[in-house]
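Chain naming here is simple, since letters A, B, ... match the order of the sequence lines and numbering starts at 1 in each. Because only heavy atoms are used, hydrogens play no part in the values below, and waters and symmetry mates are left out as well, while side chains stay in. Quantities reported herein were computed from a predicted structural model and do not represent experimental measurements.
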2 protein chains.
Amino acid sequence: MRLTTKGRYAVTAMLDLALHSDHGPVSLSDISNRQAISLSYLEQLFAKLRKQSLVTSVRGPGGGYRLSRSRDEIFVAQIVDAVNESVDATGCKGKSDCQGGNTCLTHHLWCDLSDQIHDFLNQISLEQLVRRNDVRQVAERQNSEGRQMARSNEDKISAAIVG
Amino acid sequence: MRLTTKGRYAVTAMLDLALHSDHGPVSLSDISNRQAISLSYLEQLFAKLRKQSLVTSVRGPGGGYRLSRSRDEIFVAQIVDAVNESVDATGCKGKSDCQGGNTCLTHHLWCDLSDQIHDFLNQISLEQLVRRNDVRQVAERQNSEGRQMARSNEDKISAAIVG
DNA sequence: ATTTACCTGAGTATTTTAGTAGGTTATTAG
DNA sequence: CTAATAACCTACTAAAATACTCAGGTAAAT
């Protein structure tokens, strides 16, 4: 179990999806605008999330992504694992031969730690996150900002035309 | 709290130090040989460990590093933090202004997760690690291999001379 | 048909990780 | 004293991961 910014991006995006999934599928460009994550990077992440059956996609106008199951059945650990495909916690690639054919000193140790962190993040569902007060508040603000965002995009376009 | 290979290297090295600290200071080249971590990389790591007062150094022949306090007073979380100087778990640099002056959706979330993982790793001391059976066994093997290592180095030297 | 938006793959920039090289300084064993 | 040892320091480099861009697809709705 590795914990890097990549996993954070994925969890943030999935949480955004969970927050807006009640009105049909959510497009990646919406998530991109709200969470300030580049569209192409989201596409890469969601390709992996889809392969792990965490989301389903709907093509065509009005399409986007949906959670593949209810919010209380999707856990943070699953999301992090989906985007960090190199799940080997030990650096030994699970082969126990990290150091000249033998297990390294902290091999078992890191397996244990990794398991425990994994268990911990596996108890936290999207549902629990959505219920958090701080998340709800930030989400509220982002929703209203979304409309302003549309305006500011027009500003950008006109600025581009003007020079 | 980030969890990468860098932190693992540091914990492995500190554990090696803990295992061999009963006969005076331990040199980085000893650790390098036993744990197969490059000397210069160890130097970088130990510079940080020293700044965080986790180890003390003794210069000159027979010198090396010592744990700054007893093994049951040094915790895995402290080691990981020492080498991952960018301790900001949120990516917002703790300023809560990660997204255009406002907190991002998962800001508080990642702070919480980070705290809990941190608490978890902060309960695990070097003393506990040293007591583990698997660690003792690997350490045993590495100690006997150390003597062989000296031989194989001579082989390398003679090989270099010959060809 | 055309738009929307997913999908794919290739490519780039930045950062982090890991290791090199080449020193200086402090210490000690001989 | 001096030669060896090992910490300490700086700068550089190679490789990998991360974050992002671009240029094209393809599928499904309007």
Side-chain angles (χ1 to χ4, degrees), chain A residues 2-13 17 20 24-33 35-52 54-66 68 80 82-88 91 93 98-99 104, chain B residues 2-13 17 20 23-33 35-52 54-68 80 82-88 91 93 98-99 104:
Chain A
R2 288 164 62 225
L3 282 179
T4 60
T5 51
K6 198 174 191 174
R8 280 206 293 274
Y9 273 104
V11 173
T12 302
L17 194 52
H20 298 90
V26 181
S27 74
L28 291 189
S29 57
D30 283 355
I31 299 177
S32 175
N33 285 328
Q35 305 307 331
I37 306 170
S38 88
L39 180 60
S40 322
Y41 198 47
L42 279 175
E43 286 181 343
Q44 288 177 38
L45 296 178
F46 272 79
K48 290 177 178 176
L49 294 171
R50 203 174 67 89
K51 272 177 197 155
Q52 298 301 315
L54 292 172
V55 295
T56 56
S57 62
V58 180
R59 292 182 146 199
Y65 284 95
R66 246 191 273 264
S68 65
V80 174
V83 296
N84 287 307
E85 67 278 358
S86 66
V87 193
D88 70 293
K93 286 145 199 159
C98 29
Q99 193 185 333
C104 64
Chain B
R2 287 164 62 226
L3 282 179
T4 60
T5 51
K6 197 173 190 175
R8 280 206 293 275
Y9 274 104
V11 174
T12 302
L17 195 52
H20 298 88
H23 306 301
V26 180
S27 74
L28 291 189
S29 58
D30 282 356
I31 300 178
S32 174
N33 285 329
Q35 305 307 330
I37 306 170
S38 87
L39 181 60
S40 322
Y41 198 47
L42 280 175
E43 286 181 343
Q44 288 176 39
L45 296 178
F46 273 77
K48 292 177 178 177
L49 294 171
R50 202 172 66 89
K51 271 176 198 157
Q52 297 300 315
L54 292 172
V55 295
T56 57
S57 62
V58 180
R59 289 184 150 200
Y65 285 94
R66 246 191 273 264
L67 297 181
S68 65
V80 173
V83 296
N84 287 305
E85 68 278 356
S86 65
V87 192
D88 69 293
K93 285 145 199 158
C98 29
Q99 193 184 335
C104 65

Would you indicate which nucleotide in [options] comes nearest to any side-chain atom of [X]?
X        : options                   : result
Asn84(B) : dA26(C), dT17(C), dC7(C)  : dT17(C)
Ser57(B) : dC20(D), dT27(C), dC8(D)  : dC8(D)
Ser38(A) : dC6(C), dA18(C), dC20(D)  : dC20(D)
Ile37(A) : dC20(D), dG19(C), dT18(D) : dC20(D)
Arg59(B) : dC9(D), dG19(C), dT27(C)  : dT27(C)
Tyr65(A) : dC7(C), dT18(D), dC8(D)   : dC7(C)
Pro61(B) : dA7(D), dA10(C), dT5(D)   : dT5(D)
Leu28(B) : dA18(C), dC8(D), dA7(D)   : dA7(D)

Whole angstrom is fine here: how far is it from [atom1] in [X] over to [atom2] in [N]?
X        : N       : atom1 : atom2 : answer
Gln44(A) : dG9(C)  : CD    : P     : 12 Å
Lys6(B)  : dA16(D) : NZ    : C1'   : 14 Å
Arg8(B)  : dT16(C) : CZ    : P     : 18 Å
Ile31(A) : dA5(C)  : CD1   : C1'   : 13 Å
Leu39(A) : dA23(D) : CG    : P     : 15 Å
Lys51(A) : dC6(C)  : NZ    : C1'   : 14 Å
Leu49(A) : dC7(C)  : CG    : C1'   : 14 Å
Lys48(B) : dA7(D)  : NZ    : C1'   : 18 Å

Subject >> Nearest-nucleotide 5' precedence on DNA chain C, Ser40(B) against Ser27(A) >> reply: Ser27(A)

When you measure from the side-chain N and O atoms of [X] to the phosphate of [N], is any distance below 4.0 Å, counting only OP1 and OP2?
X        : N       : result
Tyr41(A) : dC20(D) : no
Thr4(B)  : dT17(C) : yes
Arg50(B) : dC9(D)  : yes
Tyr9(A)  : dT18(D) : no

Can you give me the closest heavy-atom contact between [X] and [Y], atom names plus distance?
X        : Y        : result
Leu67(B) : Thr56(B) : O-OG1, 4.4 Å
Val83(B) : Ala10(B) : CG1-CB, 3.6 Å
Ala82(B) : Lys48(B) : O-CB, 3.6 Å

**OP:** Using the side-chain hydrogen bond (donor to acceptor under 3.5 Å, both in side chains) rule, take Ser40(B) and Ser38(B) through it: C-alpha gap first, then chi angles, then the decisive distance, then the call.
**Re:** CA-CA 6 Å; Ser40(B) 322; Ser38(B) 87; 4.9 Å; no

Original post:
Between the side-chain atoms of Glu43(B) and the base atoms of dC8(D), is any donor-acceptor pair under 3.5 Å?
Top reply: yes

Original post:
Where does the angle between the aromatic ring planes of Tyr9(A) and Tyr41(A) fall among parallel (under 30°), tilted (30 to 60°) and perpendicular (over 60°)?
Top reply: perpendicular

**OP:** State, yes or no, whether a side-chain contact exists between Val26(B) and Arg66(B) at a heavy-atom distance under 4.5 Å.
**Re:** no

